[in-house]
Amino acid sequence: MELTPIDTSMAMYEANKTKLPDENEDLREAAEKFEAIFLHQFLKEARKTKLADDLFGSHAKSTYEDMLDQEHADIMSKKIDLGIAEALVRQFDKSAM
């Protein structure tokens, strides 16, 4: 069975079709990012509760700690289910209404 140019064009069209963005997937991603922001704020506030001042503290160290807290928050939001992201998805999901 030989493929005609039309068959070949249709096969290429099917292979190259772009997938429309999934609103639920975008909503879930935004909700998970919100959860990461919440965790970052939590870690930032927890770090402020020092019992004593750091003798060798510097602006560079605090910047590094903030970046480290952000990375920890991103990882924790993916590994730990706090339920915030799920609650946001349920609240804002248009298809569930």
Side-chain angles (χ1 to χ4, degrees):
M1 178 174 166
E2 188 175 315
L3 290 177
T4 66
I6 293 175
D7 291 334
T8 305
S9 296
M10 288 300 290
M12 288 176 60
Y13 171 75
E14 289 295 322
N16 291 328
K17 257 200 286 192
T18 57
K19 183 179 153 188
L20 294 175
D22 184 12
E23 288 183 18
N24 287 338
E25 186 178 318
D26 292 342
L27 177 60
R28 177 159 301 284
E29 185 178 327
E32 288 174 0
K33 288 194 185 290
F34 178 81
E35 196 170 66
I37 291 169
F38 173 80
L39 284 169
H40 181 240
Q41 282 301 118
F42 180 82
L43 291 172
K44 185 191 272 189
E45 292 301 315
R47 193 174 291 280
K48 284 183 184 178
T49 59
K50 297 179 184 177
L51 297 176
D53 287 333
D54 187 12
L55 294 176
F56 303 107
S58 69
H59 184 65
K61 182 180 178 197
S62 64
T63 301
Y64 170 76
E65 287 174 342
D66 189 51
M67 290 169 48
L68 183 63
D69 288 346
Q70 180 63 50
E71 189 63 28
H72 283 152
D74 289 342
I75 292 169
M76 286 178 7
S77 71
K78 291 176 184 158
K79 301 270 185 194
I80 300 171
D81 184 18
L82 295 177
I84 297 171
E86 186 62 35
L88 288 170
V89 169
R90 275 196 316 260
Q91 183 174 357
F92 293 110
D93 187 12
K94 293 177 185 174
S95 64
M97 293 181 179

Just to verify, what does [X] make a side-chain contact (heavy atoms from CB on, under 4.5 Å) with, not counting sequence neighbours?
X: Phe34; answer: Ile84, Leu88
X: Lys33; answer: Glu29
X: Ile37; answer: none

A side-chain contact here means heavy atoms from C-beta on lying under 4.5 Å apart; do Val89 and Asn24 qualify?
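Val89 vs Asn24: side chains apart.
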
Would you call Leu39 and His72 a side-chain contact if the rule is heavy atoms closer than 4.5 Å?
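No, too far: nothing below the 4.5 Å cut-off.
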
Least distance between heavy atoms, Glu35 atom then Ser77 atom:
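Nearest pair, atom of Glu35 first, then Ser77: OE1-O, 3.6 Å.
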
Find out if a path of hydrophobic residues (ILVMFWY) with successive side-chain heavy-atom gaps under 4.5 Å connects Leu82 to Leu27.
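Looking at the clustering, Leu27 is in the same group as Leu82.
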
Hphob cluster co-occupancy, Met67 + Met76, side-chain heavy atoms under 4.5 angstrom
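Per the 4.5 Å side-chain linkage, Met67 and Met76 are not co-clustered.
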
How long is the straight-line distance from CD of Glu71 back to CG of Asp66, given to the nearest 0.5 Å?
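These two atoms lie 12.0 Å from each other.
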
Single hit among Lys44, Gln41, His40, Arg47 for side chain to side chain donor-acceptor pair (under 3.5 Å) with Asp69:
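Of the listed residues Lys44, Gln41, His40, Arg47, the side chain to side chain donor-acceptor pair (under 3.5 Å) partner of Asp69 is Arg47.
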
Kindly state each residue pair satisfying salt bridge (charged side-chain N to carboxylate O under 4.0 Å, His left out) with at least one member in residues 73-86, sequence neighbours excluded.
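Qualifying pairs: Arg28-Glu86.
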
